[in-house]
Q: 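First the structure, then my questions, so here it is.
This is a predicted model, so every value here is computed, not measured. Below, each value reflects all heavy atoms present in this structure, side chains not excepted, and no hydrogens, waters or symmetry copies.
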Amino acid sequence: MTVHKNAVLVLDCSEPEALAEFYAGLLGAEVRLSKDPDYVEITNEAGVCLAVHRERDYIPPSWPRPEDSQQAHLRIMVARHDMDEAEREAVGLGARPVETKNNSGPRDTRTYSDPAGHSFTLAAIPE
């Protein structure tokens, strides 16, 4: 019998509360502080959806430089008709576009970096 488990992606950063606020705003979620001042969770009605952790010597990822590989990124699914609004929300919260080409159409994806430098993609939900 398999033991029930939950998993959460934890992003390292230098300012966990600020990065948690960014993702809470982007995901329509809430920030939940823990007893550990270096660990903050982003939650919604389904539970914890993401967490951030303070790394004292944090160095932001440098992707998409050719000499560095992308290790991981968040893929945030959005209804196709909401993509432009989701992009405005992300940029308004502090996201920086990484890929600015026009990707409209059946495979619409738009890539950004969050305020701490982690990459994430807004992707249209397939119809």
Side-chain angles (χ1 to χ4, degrees):
M1 179 171 161
T2 302
V3 175
H4 177 76
K5 299 172 187 76
N6 287 324
V8 62
L9 177 64
V10 179
L11 299 174
D12 289 336
C13 63
S14 59
E15 298 177 29
E17 288 184 39
L19 190 58
E21 289 292 341
F22 169 80
Y23 278 109
L26 185 63
L27 299 172
E30 297 180 7
V31 171
R32 181 168 66 194
L33 301 176
S34 73
K35 291 179 183 179
D36 179 348
D38 293 333
Y39 181 82
V40 182
E41 295 176 333
I42 297 91
T43 64
N44 62 21
E45 58 279 345
V48 177
C49 54
L50 185 64
V52 292
H53 177 262
R54 183 183 328 274
E55 178 65 41
R56 301 285 178 212
D57 298 320
Y58 177 73
I59 299 171
S62 58
W63 184 86
R65 288 191 340 217
E67 62 273 13
D68 295 323
S69 66
Q70 179 182 10
Q71 299 299 310
H73 76 280
L74 295 174
R75 186 175 190 97
I76 300 171
M77 305 304 289
V78 179
R80 184 173 313 289
H81 63 274
D82 289 333
M83 284 292 287
D84 290 340
E85 182 61 26
E87 180 174 55
R88 284 189 288 276
E89 288 175 358
V91 171
L93 289 164
R96 294 175 307 277
V98 172
E99 221 173 53
T100 57
K101 65 182 180 179
N102 182 352
N103 282 332
S104 61
R107 301 185 109 157
D108 194 359
T109 61
R110 303 173 191 186
T111 304
Y112 308 87
S113 62
D114 69 22
H118 305 102
S119 62
F120 70 93
T121 301
L122 295 176
I125 298 170
E127 295 175 349

Q: Show which side-chain atoms of residues 14-31 pair as donor or acceptor with protein atoms under 3.5 Å away, not counting sequence neighbours.
A:
unit_1 : atom_1 : unit_2 : atom_2 : d
Tyr23  : OH     : Asp114 : OD2    : 2.7

Q: What are the two closest heavy atoms between Leu50 and Leu9, and how far apart are they?
A: CD1-O, 3.3 Å
Q: Nearest heavy-atom pair of Val78 and Met83: which atoms, and what distance?
A: CB-SD, 3.8 Å
Q: Between Glu41 and Arg32, which heavy-atom pair has the shortest distance, and what is it?
A: OE1-NH2, 2.6 Å
Q: Distance from Arg54 atom CZ to Cys13 atom SG, nearest 0.5 Å?
A: 7.5 Å
Q: Between Leu33 and Val52, is there a shared hydrophobic cluster once you connect ILVMFWY residues whose side-chain heavy atoms come closer than 4.5 Å?
A: yes
Q: Please report the closest heavy-atom contact between Phe120 and Ile76, naming both atoms and the distance.
A: CD1-CD1, 3.9 Å
Q: Decide yes or no on side chain to side chain contact (heavy atoms under 4.5 Å, CB included) for Arg56 and Asp38, but give the supporting numbers first.
A: CA-CA 9 Å; Arg56 301 285 178 212; Asp38 293 333; 3.1 Å; yes
Q: Specify the closest pair of heavy atoms between Arg96 and Pro115, including all atoms of both residues, with the distance to one decimal.
A: NH1-CA, 3.6 Å
Q: Calculate, to the nearest 0.5 Å, the distance between atoms NE2 and CG belonging to His53 and Asp36 respectively.
A: 5.5 Å
Q: Hey, what do you get for CG (Leu74) to OH (Tyr112), rounding to the nearest 0.5 Å?
A: 14.0 Å
Q: Can a donor-acceptor pair be found, under 3.5 Å and without considering hydrogens, that links the side chain of Thr111 to the backbone of Val98?
A: no
Q: Please give me the minimum heavy-atom distance between Arg80 and Ala124, naming the atom from each residue.
A: NH1-CB, 3.3 Å
